[in-house]
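In what follows, a single structure is set out as structure tokens and then discussed.
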Amino acid sequence: MPRRKKRKEIFALGNEAVVEGALLAGCSFFGGYPITPSSEIMEIMASRLPALEDGVFIQLEDEIASMGAVVGASLAGRKAMTATSGPGFSLMQENLGYAIMAEAPLVLVNVMRGGPSTGLPTCPAQGDVQQARWGTHGDHPIIVLSASNVQECLDMTITAFNMAEKYRTPVILLLDEVTSHTREKIELPNDGEYEVFSRTVPSMPPEWYKPYEETVRGVPPMPAIGSGYRFHVTGLTHDRNGFPTQRPEEVVELMDRIHRKIDQFFYDIQLVDEVQTDDAEVVVIAYGSVARSAELAVHQARENGVKAGLLKLKTLFPYPRRHTEKLLAHAKTLVVPEMNMGQMSREVKRVNMGQAAVRTINRVDGQIVTPAEILKVIMQG
Amino acid sequence: MSTFTGNEIIHQYLRHNKKFPHVLCAGCGHGIVLGTLIRSIHALEIPKDDVVVVAGIGCSGRLAVYVDFNTIHTTHGRALSFATGIKMANPKLNVITIMGDGDALSIGGNHLIHAARRNIGVTALVLNNSIYGMTGGQSSPATPLGSTTMTNPYGQLDSNFDTVELARGAGANYVARGTVFHVNKLEKIMTEAIQRPGFSVVEAITPCHTQYGRKNKFKNPVEMYKWMKKTAISVERYAELPEDKRAGRLPIGVFVERNRPGFEESYAQLRSKLQAKGGK
């Protein structure tokens with residue numbers, strides 16, 4: 001057996017790792033507008049993409065235009081991304097909804113900062129969790145991923161592109177300022193080490209192609225604009241041919257399909273890491289940089305004889321329900337620390353349905369949640 | 001050889017799998033604009049696969065549904081941002097945006113300014129009927145001073161935008177205005193605009209009798225066309241008019257012809273420079 005090639009190690013910022021991940025995943029288009037604390041993603045893209053064979057970087061006039069350009073590039077066959085922070089994320093919601101309806105794969109990175117409004121520009125927060133889920137109007141499915149350290153920034157960006165392409169949907173990568181501005185040693189994967197997915201393109205002759213046809217996976221094949229398949233794309237509710245419709249049966253068919261293409265692949269989409277959860281009586285459920293504090297707190301609690309464990313959410317939405325439910329068999333308490341007023345603890349309470357006690361730790365002062373804070377609550381049992 | 005008729009050409013470009021009738025009112029000029037666009041593309045012999053029509057919202061936004069190109073019906077005012085992404089992703093495509101006056105000048109005003117400044121290789125058609133038609137006849141930034149609309153029952157107080165001056169000031173490569181009455185001239189302008197590299201703006205004055213005309217003393221659509229015939233004047237003749245005769249006249253024709261390289265072209269040059277250095 002050949003020896004595994006040693007991975008290249010670099011000392012990188014979280015935001016830098018996002019760029020590395022995106023380029024490894026095949027991203028060749030970045031459109032954006034600078035905003036703290038996400039700007040390094042844009043700046044590094046500005047230097048890297050133009051040097052690639054078909055790389056396109058463009059700074060747009062605002063976040064609305066950024067999202068429009070990214071959707072356009074996606075329809076034209078590119079793996080495209082943008083990066084922003086809370087206020088910019090709000091502006092992107094309009095065209096994010098369009099991307100969901102048009103089923104345009106893309107990756108949107110939101111490095112959260114304190115809010116509401118312009119809030120706390122350089123302070124960490126996790127206040128956009130529910131905005132990521134419900135920010136755009138209408139009923140819609142969405143995939144929201146997260147990362148808690150720099151290596152994960154790289155890994156989860158690749159995952160985000162893969163899911164976007166696989167399910168023909170926008171994927172949001174939700175980071176917090178601590179994760180994106182931490183500098184750590186990470187390993188760059190070797191060629192072929194990661195599986196990289198690209199959207200399925202149609203194989204039938206253009207005249208047979210229906211852009212929004214039902215398929216086994218619920219994901220219709222997607223040709224690039226200009227590749228010989230001519231069709232209509234719209235944000236209006238549309239029939240299988242892509243033309244606007246208000247016929248109830250066609251509306252229901254479309255809505256069912258865009259939900260089902262995500263629902264039936266929960267096993268693939270919902271990602272978590274578990275630390276000492278096998279027999280845990282107190283389970284901390286955390287994500288982003290808070291999960292790092294939580295991990296230390298869990299180890300300290302174990303040293304103090306408390307059966308504590310950590311469920312680290314790498315997928316925030318669709319909420320990893322089956323991973324949580326499994327823990328309720330032995331957990332007496334669930335602890336949910338977050339840098340917001342309790343946006344994810346709502347989801348935990350919904351799944352918990354009163355089976356275990358849910359304790360929340362909430363900080364909205366622009367400060368991180370410390371291991372000591374979490375340990376204190378764990379020790380209360 | 002059969003006699004030439006416009007319809008024969010248009011039928012080659014309409015979508016046969018789309019359920020007609022269309023959404024436009026009798027007397028609307030939007031169909032005429034679409035007709036000139038099709039004839040221009042036909043005359044330029046651009047393959048259908050290479051044409052992308054990106055439309056905004058409203059009556060003009062619906063035009064994209066009927067034609068057999070790559071068509072994208074975007075969000076309100078954002079057509080140019082989608083078009084920018086498409087053009088940069090694949091510069092070989094002929095990208096044409098169809099926007100209404102509300103689309104292009106109000107909610108999409110910023111995108112129009114910056115598309116012109118950036119000089120992206122997109123042809124922007126602004127179908128100006130001075131009103132928000134599909135939402136029921138409210139004021140738009142192109143509604144003339146003093147006109148009556150649903151949101152200006154006492155008369156429009158603020159001045160209207162001049163699309164040509166706006167596009168000129170922002171740096172577009174080609175800026176022209178036509179009307180749906182002067183259809184041959186409009187077709188000529190459209191053909192030039194599509195051929196020209198960089199950002200082109202064509203404003204097409206088109207009547208909305210249903211929402212604008214009937215509230216502003218135009219008894220029927222024909223009167224609106226007669227008004228166009230009477231007011232429009234070629235930009236050359238307009239320039240020769242004494243100042244006091246200019247009021248109320250609408251200059252049409254080509255206003256700006258520049259030859260700055262399109263953004264996608266400048267970008268491609270940067271890319272080859274970096275590639276020559278062996279990438280960065």
Query raised in the report: Taking C-beta and beyond as the side chain, do B/Thr75 and A/Met101 meet within less than 4.5 Å on heavy atoms?
Result: no
Requested in this report: For residues B/Met88 and A/Phe29, report the shortest heavy-atom separation together with the two atoms involved.
Outcome: CB-CE1, 3.9 Å
**Report entry** Heavy-atom donor-acceptor pair, A/Arg78 side chain to B/Ala89 backbone, under 3.5 Å
**Finding:** yes
Query raised in the report: Quick one: do A/Glu61 and B/Arg117 make a salt bridge, cutoff under 4.0 Å?
Result: no
Requested in this report: Tell me, for A/Glu207 versus chain B, whether the close heavy atoms (under 4.5 Å) come from the side chain, the backbone, both or neither.
Outcome: neither
Query raised in the report: Do you know which two heavy atoms are closest between B/Thr71 and A/His232, and how far apart they sit?
Result: OG1-ND1, 2.8 Å
Query - Side-chain heavy atoms of A/Tyr98 within contact of B/Arg78, under 4.5 Å - result: no
Query raised in the report: Given that the side chain runs from C-beta out, which part of A/Phe231 has a heavy atom under 4.5 Å from chain B: side chain, backbone, both or neither?
Result: backbone
Query - Minimum heavy-atom distance between B/Ser81 and A/Gly68, given as atom pair plus value - result: OG-CA, 3.6 Å
Requested in this report: Could you tell me whether the side chain of A/Leu60 reaches within less than 4.5 Å of the side chain of B/His111, counting heavy atoms only?
Outcome: no
Report task. Taking all non-hydrogen atoms of both residues into account, name the closest pair between A/Glu94 and B/His76 and its distance. Result -> OE2-O, 4.2 Å
Query raised in the report: Where does A/Tyr229 contact chain B at under 4.5 Å (heavy atoms): side chain, backbone, both or neither?
Result: backbone
Query raised in the report: Looking at side-chain heavy atoms only, is the closest gap between B/Tyr267 and A/Ile58 below 4.5 Å?
Result: no
**Report entry** Sub-4.5 Å side-chain heavy-atom contact between A/Leu75 and B/Val52
**Finding:** no
Requested in this report: Return the option, out of B/Val67, B/Asn90, B/Val95, B/Asp68, with the maximum number of heavy-atom pairs under 4.5 Å with chain A.
Outcome: B/Asp68
Query raised in the report: Can you name the closest pair of heavy atoms from B/Leu270 and A/Pro50 and give their distance?
Result: CD2-CB, 4.0 Å
**Report entry** For A/Gln59 against B/Arg118, the heavy-atom pair lying closest together
**Finding:** O-NH2, 3.4 Å
Report task. Show your reasoning for whether side chain to side chain contact (heavy atoms under 4.5 Å, CB included) applies to B/Arg271 and A/Val56. Result -> CA-CA 9 Å; B/Arg271 191 151 57 194; A/Val56 175; 3.9 Å; yes
Query raised in the report: Roughly how far apart are B/Asn110 CG and A/Ile64 CD1, rounded to 0.5 Å?
Result: 8.5 Å
